[in-house]
Structures are given as structure tokens and as C-alpha cells.
2 protein chains.
Amino acid sequence: MTRQKERVCIIGSGNWGSSVAKIIGENVQKHADMFEPIVNQWVFEEQYQGRPLTEVINTTHENPKYLPGIRLADTIHAEPDLIKACQDCTVLVFVLPHQFVRGVCDDLAGSIKPSVKAISLVKGLEIKPDRITLFSEEIGRRLQIDQVAALSGANIADEVARENFCESTIGSRSEAAGQLFYHLFDTPYFRVNVIPDYVGVELCGALKNVVAMAAGISDGLDYGSNTKAALIRLGLMEMRKFGQTFFGGVEDATFFESCGVADLITTCSGGRNRKVAEAFARTGKPIDVLEKELLNGQKLQGSLTAVEIHHFLAPRGMTKEFPLFDTVYRIIYEGAPLDTVVKL
Amino acid sequence: MTRQKERVCIIGSGNWGSSVAKIIGENVQKHADMFEPIVNQWVFEEQYQGRPLTEVINTTHENPKYLPGIRLADTIHAEPDLIKACQDCTVLVFVLPHQFVRGVCDDLAGSIKPSVKAISLVKGLEIKPDRITLFSEEIGRRLQIDQVAALSGANIADEVARENFCESTIGSRSEAAGQLFYHLFDTPYFRVNVIPDYVGVELCGALKNVVAMAAGISDGLDYGSNTKAALIRLGLMEMRKFGQTFFGGVEDATFFESCGVADLITTCSGGRNRKVAEAFARTGKPIDVLEKELLNGQKLQGSLTAVEIHHFLAPRGMTKEFPLFDTVYRIIYEGAPLDTVVKL
């Protein structure tokens, strides 16, 4: 008796989605007993040098727009129609900007079987004054599926695509689904640890960006490496406290994983949040101006998360219990002096 | 009834010893109820611009040789005679290179009361094939005193002296001694956490240097920040495992302290161990040649510790259980290819 093979669809095709497509394309061949060889990738259709991007990907086996120079497996099939891309798939990999998650889920709802397993590589959280929504849970709710895992780690997409060694963390409530995703993602250059604490995995991926803002402000003040290391450590402690205060099962051990300390280190050394915060400290220009100048008008995740955290903590009278998060908010939005970043 | 005030002697006057003298000079004034105002500092006598260094310190209130431009409190009294410096002192602060610790203790033995409290800021460990010696324990044994704490953290001396915000960790078995040292060291720019796990504090301070060698090799190979973050994380895990395997009371929580993750981050971003290892990877020159070229012939701590760990683990058949430590050793001393650093 052979068990039914899993059929995978990757939903998303940006820089990170394309890097992930490279890994998955390799792994479905390596684990041919577990996975169907053909992997669909839903690609938001656009024109690339006069041709549809999906056609370019399917003929050149490369996504020249978002990951130029990196060859994908021939068995990655780019598909512009979302429903068609996901049809008969048993595994869905969500790797798209967070603002598109709801729309995509609503388009898919009804055509997805309850047994489908999904994994969220979506960055960020949705923090509203009344509640915090994890994207894994949102995907599960909208598609009415039980098993949604999350993946996060110190994974700058271009470096992963170049096969530079790194690690990543998968949080999965179900051990069986965790093992499935392990085989889908783990390679000798992309080492995956599976842990049960999916909440911690997703929280780390969002909250780290606020810590990176603090690190950037410190850099902008030329405070040196002791200070920056102290802020990173204090940030890690606040991430942990936030998880433990507002979510039940967040484990200390999660912060030792790639999604915790390693991703925090990467984000606080390079990364756009750190960079924009440094420019903020050096120039005094408001964040929205810097977003225009440095990010082509894209919104910065860290400052957005800092606001959301503030509006979540303030009605609970708890801003002072998270002094680093609070200070970043006050510096960026309330004109608090820059050096309050070290007066926690 | 007033309790007897503590009388402090700082043993050592290098770059770190002088930065610490600055802090202690401020704190004995601030906590005048606990400490005598005069603090002795044992200074290894040498000539500075034709005058004895102790005389220069006592007249200019600055150590121009090891910490130029930083004013020390007037109450810091430099003293070239070790026995005299420590006479009637109830608190000894050891802050000198590890190779001098034994000699100093042997000179002091017999003139120190059993009730004296000491703290070791000595960097490193002594790892012999048959046992690992912590300097706090060695000081306690040689002076026959019970209470020896340890201090370690992300504390580059010059940045501390410039009052850039940072944190540090004190490990003290005794809570009372821990509180005493807290008041001696904690300032708004040098925040101290006291924990009971003095073993973990000292271990972190030594083992981090081996991890920094791995980080430096990764930098020399231009592997990027994902890889470096992964190596730092794997190194942290090996530091933890080493502590838990060979010492009873090493706590997970210690690695979240400044002496753990924060110091590791600082050491792996700047720091001589990282720098020499990067040069090793780029040039292929042996470590002893690079020590001459880059460190004026001073011995590098990280490579020394890697050798010592190897000679400790090998007879126990345990080198493979610490793949990162082992790989650093094999790359530096056995000609293993550089890229084995990511083939753990």
C-alpha cells in the first residue's frame, strides 16, 4: 500500500516566495515518496518585458523580476489563477505580503478540503486594540482547516537563494504536519527545527522589528556595540514577556531557536527597520518621509507594529510594562528625545 | 547601630580595571552608608613619561596609559604594593589578566581574612584535560574565602568608560554578597543583574570567544548575516550544553542575561577573536602569525580556548557532541577546510 502523495501549492511569488519555491522544488524530488513532483505556484500576473510573468517563469524556470539569476526546478509550475493553482492540492504554502492574506483566503474558501495542511510564511501580526491575530490562525479560520503551521527564522531571501547556510524554525501543533513540513523545507543549507510553539514563532517574527527600531536609533546615536547588544537583549526579554502575558503556550525555548535570537540578531544588524530608524535618529525626518525616501513609499513594519502594540497596551494600562516597545513608540510618534531609548 | 562599612580594593589597572575604577569611585560616594570613600587600586608599577604610573594616577586622577581622557574619582588611591593595597580591605575586585591571578593570590594568601568578599572580573577559564577551573573558585581556594562572585557582560571597556548604556551580569552564590556587589557596580549607564549562577557567568565569558572564531570564519567567507546568526545561535546552544554537561547548576536563564546572549552578540560583531578569525579565513596565514601581525604578539583567547576544549573533550570521546567547538579547532589547527564551519 502506498500512501497518497502530497500535492503542494505555493501561494506567492515575491523574493521570499521564489526562494522558497527553489527549496520546495528540490525537496519534492528528494522526497518523491511523499510529494507529487509537480508544484504549483500562484503568481500574481504582471507583464515582464512584454510577456506574462507566469509564462516567463514556466519557460525560463526563473523569476527574473523578484529573484533574478536563480534557477528554479523545472517542476515548479507558475499559474495566474488562484483557484486553479490550489485545485486538488493537499499542502498550501502561504508566502505573500500580509495585506493580501484575507483576500486570498476568501477567494479560496469553499474550494479547500478540511484535510488540507497549510503553513504561513507571512510576516507580521495583526494587532488590534481588542485582540491579536496570528496569520496561521486567520488562515485556518477562513479556510476552515485545522492544521496550519508557521515558519520563521534568520532567513534573508537572497542569501537563502544563494544557498548560504542558515536555519529556520517551524511551529506546528500537529507533529505529523510538522514532519511533513520538515521534509518540504529542510535542506543541508536551510536547516529546519520543528517545535510545537507556533504562536512563539509568529510573535518573534513580528516583534523583532520593533527591537530593530531601537537598535537603529542606538546606531544613529553612535552608542556602540555594548548598548546595541543590551537593547537587543532587553528586546528579546520583552518579546518573551509579551508572549507569556498575552498567549498561553509561548515557551522560553522558542527564543533560543532561529526564529528567536538568530532572526533578532540578523534584523538588528542589517534590515530595513534598523536602517530607517538609524536615518530617523541622524536626520530627524519623520518616518513617513523616510519611508518615501528609503523604501519607495513602502510601509515600515517595525513602526507600524510599535503603533499597534501601543494601541493594544494603552487601554490595558500596560505600556510601562514593556518599556522598550513603549519607548520606540514614544520616540517615533510622540517626539520623545532619542536618548530615552537607553532610559528604560 | 551603624554597620561596618566595606573597604574596597581593586586589583588591576588595565583598560577594564580603570573603567571599573571609574564606576566604583562613583558608587562608593553614592552609597556612602555602605562603603568607605577611599578605594585602593593595586597598580602594577611602571614608568609613564618618566614618572611612576601610580603617582600619575594619584595626582591627575586619570590612568593615561590604559584609559586616557577618563577622569577617575579623587578617592581612587593607586598603590604599587599589593599587600598594602589590600590591607584591611573587606572587598576585593579582581580585574587582571588571567595569567597573573595565581601569583597575586599566592602573594596575598595569609593576609586575607576569611570574611573577605571577592569578585572576579577575570576573563577566561582554565581548561585542563582533567578538569576545568573557574577563576572565582581558584581565588576562593587560594585565599581560603567562601564568597567569590563573578561579573561578565557585553562590556567593551572604552564604551563603559564613555558611559554608553550597557548591562552586565553578576553571578553570586550568596544573596547578601550579590546585593553588596550590585551596589558597588550598578549605575544608570551600567545596569547590573544579579543571578545565583556564577558558573554560567564565567563559562559564557570564556566560551563565547570560540563562537566568535566561527563567526569570523563565516565573515571571511562572505557568508552573510543568515549564516552568521545561525552560527551564533548554534554556538549559544553549545555553550549551554557544555555548561549543563560538565557543571551541575548552569541555568538556561543565564544565557538570556547580558553575560550570555548580549556578550555573544558584541563579541561576534566586533572583537579581536572575530577579527583574527576573519583574517585567517581570508589570508590562510596561521594564527600565530596573525597574532604577531594584528595583536602585537598577544595570544588570542578564542583559539586557545578551542585547543583546551579539544584536549578536554577528546579523552572523553565527546568532541562530536560539540560540533561547532570541534570544527573551529579542526579548521584552525588541523587544516580542515574553512567551509566545514557550516557543515556541522
Side-chain angles (χ1 to χ4, degrees), chain A residues 19 153-169 188-191 193 215 218 221-237 239-240 251-253 255-271 339-344, chain B residues 19 153-169 188-191 193 215 218 221-237 239-240 251-253 255-271 339-344:
Chain A
S19 300
N155 306 142
I156 295 171
D158 287 316
E159 296 182 11
V160 172
R162 286 200 299 274
E163 303 194 5
N164 287 356
F165 173 76
C166 71
E167 299 184 302
S168 197
T169 312
Y189 62 86
F190 189 79
R191 305 262 38 165
N193 275 354
S218 174
L221 294 167
D222 292 318
Y223 276 162
S225 57
N226 289 354
T227 305
K228 189 163 164 180
L231 291 173
I232 294 174
R233 190 196 83 81
L234 289 165
L236 190 66
M237 294 301 92
M239 287 163 59
R240 183 171 75 152
E251 304 282 346
D252 270 9
F255 298 90
F256 282 133
E257 295 292 336
S258 178
C259 66
V261 63
D263 195 13
L264 188 60
I265 292 171
T266 304
T267 308
C268 292
S269 6
D339 66 355
T340 49
V341 78
V342 294
K343 287 170 184 162
L344 313 171
Chain B
S19 301
N155 306 141
I156 295 171
D158 288 316
E159 295 183 12
V160 172
R162 285 199 302 272
E163 302 194 6
N164 287 355
F165 173 77
C166 70
E167 299 183 302
S168 197
T169 313
Y189 62 86
F190 189 79
R191 305 263 38 164
N193 274 355
S218 175
L221 293 168
D222 293 317
Y223 276 161
S225 57
N226 290 354
T227 305
K228 190 163 162 179
L231 291 173
I232 293 174
R233 190 198 82 82
L234 289 165
L236 190 66
M237 294 300 93
M239 287 163 59
R240 183 172 74 153
E251 303 283 345
D252 269 10
F255 298 90
F256 282 131
E257 295 292 336
S258 178
C259 66
V261 63
D263 195 14
L264 189 60
I265 291 170
T266 305
T267 309
C268 292
S269 8
D339 67 356
T340 49
V341 78
V342 294
K343 289 172 183 158
L344 315 170

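Basis for what follows: all heavy atoms, side chains included, without hydrogens, waters or symmetry-related copies. Just so it is clear: chains get the letters A, B, ... in the order the sequence lines come, proteins before strands, and each one is counted from 1.
Heavy atoms of Arg191(B) lying under 4.5 Å from chain A are absent altogether. Only the side chain of Leu236(B) comes within contact range of chain A, with heavy atoms under 4.5 Å apart. Proximity to chain A involves both the backbone and the side chain of Val342(B), based on heavy atoms less than 4.5 angstrom apart.
By the salt bridge (charged side-chain N to carboxylate O under 4.0 Å, His left out) test, Asp158(B) is found to be paired with no residue, residues two or more places apart in sequence or in another chain being considered. Applying the side-chain hydrogen bond (donor to acceptor under 3.5 Å, both in side chains) test to Asp222(A) and every residue at least two apart in sequence or in another chain returns Arg282(A). Residues passing the side-chain hydrogen bond (donor to acceptor under 3.5 Å, both in side chains) test with Asn164(B): none are found, sequence neighbours excluded.
The choice from Ala230(A), Pro188(A), Gly260(A) that makes the most heavy-atom pairs within less than 4.5 Å of chain B is Ala230(A). Each of Leu234(B), Asp339(B), Val341(B) has some count of heavy-atom pairs under 4.5 Å with chain A, and the biggest count is that of Leu234(B). The candidate with the highest count of non-hydrogen atom pairs below 4.5 Å against chain A, out of Val160(B), Leu231(B), Asn155(B), is Asn155(B).
Atom OG1 of Thr169(B) sits about 6.5 Å away from atom CZ of Arg233(A), to the nearest 0.5 Å. If you take OH on Tyr189(A) and CG on Asn226(B), they are separated by 12.0 Å, rounding to the nearest 0.5 Å. Of the inter-residue distances, the one linking Asp252(A) atom CG with Phe255(B) atom CZ reads 13.5 Å to the nearest 0.5 angstrom.
The minimum heavy-atom distance linking Val261(A) with Val261(B) is given by the pair CG2-CG2, 3.4 Å. The two residues Tyr223(B) and Glu159(A) have their closest heavy-atom pair at O-OE1, 4.1 Å. Listed here is the closest heavy atom pair of Phe165(A) and Thr227(B): O-OG1, 2.6 Å. Across all non-hydrogen atoms, the minimal contact from Ala154(B) to Ala229(A) is CB-CB, 4.0 Å.
Among residues 262-270 of chain B, the residues having any heavy atom closer than 4.5 Å to a heavy atom of chain A are, in sequence order, Ala262(B), Ile265(B), Thr266(B).
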